[in-house]
Amino acid sequence: CRLASATHALAPALLLLYTAPMGAVLACFSAYHLFLISVNQTSYEYAFKKAYTARANPHDRGCLGNWVGFCGGAPSVAAGEAPDIAHILI
């Protein structure tokens, strides 16, 4: 009976040892991609940083504009133009 009790106590501990690191990795991965959406870059652009080191990112519409674009709310704008998102915010 002691062996069965020890087995029942071991299973949740092993599950926690597996899920806690996986949850931490998933949280870091999600935070990284939320950051990439906020600056309107791909992971390739961010990793190699060759595209926008000397100049500003022409696709960056500001944090709010990037999120609106990510969610499909605003059409893309030409480089250098500010997006018109006032109608979305009201």
Side-chain angles (χ1 to χ4, degrees):
C1 191
R2 284 181 134 176
L3 182 62
S5 177
T7 304
H8 288 310
L10 185 63
L14 290 176
L15 185 62
L16 181 65
L17 286 174
Y18 176 75
T19 57
M22 291 297 153
V25 168
L26 184 60
C28 291
F29 187 73
S30 297
Y32 172 66
H33 281 86
L34 294 174
F35 164 74
L36 288 176
I37 293 168
S38 297
V39 296
N40 205 10
Q41 284 188 343
T42 64
S43 55
Y44 183 83
E45 289 170 336
Y46 184 76
F48 295 103
K49 294 190 183 213
K50 294 177 184 173
Y52 308 118
T53 53
R55 58 187 170 83
N57 180 353
H59 306 289
D60 188 10
R61 296 180 272 176
C63 186
L64 180 61
N66 292 339
W67 276 97
V68 169
F70 176 76
C71 294
S76 65
V77 295
E81 291 182 24
D84 181 26
I85 59 171
H87 65 281
I88 296 170
L89 299 176
I90 296 174

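F70 and W67 have perpendicular rings, their planes meeting at more than 60° on a 0 to 90° scale where under 30° would count as parallel.
Contact detail for I37 and N66: the closest heavy-atom pair is O-CB, 3.3 Å. Pairing each heavy atom of S38 with each of D60, the nearest pair is O-OD1, 4.3 Å.
Note on L34 and L36: separate hydrophobic clusters, where clusters join Ile, Leu, Val, Met, Phe, Trp and Tyr whose side-chain heavy atoms are under 4.5 Å apart, directly or indirectly.
The distance from atom CG of L15 to atom CG of L10, rounded to the nearest 0.5 Å, is 11.0 Å. Note that SG of C63 and CZ of F35 are 10.0 Å apart. Values are rounded to the nearest 0.5 Å.
In the displayed structure, Y32 atom OH is contacted under 6.0 Å by more than 12 heavy atoms of other residues, nucleotides or ligands.
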